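Each remark here refers to the structure printed beneath this line.
Given the structure is predicted, the values throughout are model-derived calculations rather than measurements.
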Amino acid sequence: FPYTTLFRSTHNLLLLKDVTESVFEFLRDMQRRGANGNHVDLPMPRNDIADYLGLTTETVSRALTRLKKASRIAMLSQRRLILLGPGASN
C-alpha cells in the first residue's frame with residue numbers, strides 16, 4: 001500500500017505540473033500572437049480557456065495561481081497579464 005500511495009502522490013504532482021505547463025504554454029502562444037512584448041491580453045474568459053484546453057475553469061484558475069506564486073506571471077487584471085521568468089520570451 002505505501003507504494004500505491006507514493007505512486008498516486010507522484011502521479012498527481014506530475015499531472016499538476018503538466019496542467020500548469022499547459023496553461024503556461026497557452027499563455028505563451030497568446031503572447032506570440034500579440035505584439036505587446038511580455039504582456040498578454042487574453043482573448044477569452046477563463047471558462048473558454050478551460051474548454052479550449054480540455055480542463056475545468058477551477059483547474060485553470062488554480063494553474064494561474066500556481067504560476068503567479070512561482071513568479072512566472074503577474075496578473076494586471078482578469079484578462080491581462082505579464083509573462084515573467086524562464087520561458088517568458090519568444
Side-chain angles (χ1 to χ4, degrees):
F1 293 157
Y3 295 112
T4 304
T5 303
L6 178 62
F7 174 76
R8 283 187 188 145
S9 204
T10 304
H11 181 67
N12 288 342
L13 184 61
L14 289 173
L15 286 177
L16 280 177
K17 189 171 184 177
D18 287 346
V19 166
T20 303
E21 289 307 311
S22 294
V23 172
F24 189 74
E25 285 303 315
F26 171 81
L27 297 175
R28 282 185 55 195
D29 188 45
M30 293 299 103
Q31 175 220 3
R32 285 185 204 111
R33 292 177 187 210
N36 297 328
N38 283 359
H39 285 77
V40 179
D41 292 310
L42 297 174
M44 58 187 93
R46 291 178 187 190
N47 61 318
D48 289 340
I49 294 170
D51 286 343
Y52 179 80
L53 296 174
L55 304 169
T56 65
T57 304
E58 294 80 9
T59 300
V60 169
S61 292
R62 285 191 295 270
L64 290 171
T65 298
R66 281 192 294 276
L67 290 168
K68 183 178 170 188
K69 286 182 179 180
S71 298
R72 294 184 71 193
I73 64 170
M75 299 296 296
L76 300 176
S77 69
Q78 283 289 94
R79 306 248 316 244
R80 186 153 201 205
L81 55 94
I82 300 172
L83 297 185
L84 307 168
S89 59
N90 295 342

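A salt bridge links Glu21 and Arg72; the closest N-O separation between the charged side-chain nitrogens and carboxylate oxygens is under 4.0 Å.
Although no hydrogens or angles enter the test, the distance criterion places no donor-acceptor pair under 3.5 Å between the side chain of Gln31 and the main chain of His39.
Contact of the Asn38 side chain with the Leu84 side chain is not registered, since no non-hydrogen atoms from C-beta on lie closer than 4.5 Å. Under the 4.5 Å side-chain criterion, counting only non-hydrogen atoms from C-beta, Leu64 is in contact with Leu27.
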For a quick test of your reading: what N or O donor-acceptor pairs under 3.5 Å do the side chains of residues 44-54 make, sequence neighbours left out?
unit_1, atom_1, unit_2, atom_2, d
Arg46, NH1, Ser61, OG, 3.4

Throw together a table of side-chain donor-acceptor distances under 3.5 angstrom for residues 75-82, partners on residues two or more places apart or in other chains.
unit_1, atom_1, unit_2, atom_2, d
Ser77, OG, Arg79, N, 3.4
Ser77, OG, Arg80, N, 3.2
Arg79, NE, Leu42, O, 3.3
Arg79, NH2, Pro43, O, 3.4
Arg80, NE, Asp41, OD1, 2.9

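With rounding to the nearest 0.5 angstrom, the CD1 atom of Ile73 is 8.5 Å from the CZ atom of Phe24. One distance of note links CZ of Arg32 with CZ of Arg28; it measures 4.0 Å at 0.5 Å rounding.
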message: Determine whether Val19 and Arg66 satisfy the following criterion, side chain to side chain contact (heavy atoms under 4.5 Å, CB included), listing intermediate values before the conclusion.
response: CA-CA 10 Å; Val19 166; Arg66 281 192 294 276; 4.3 Å; yes

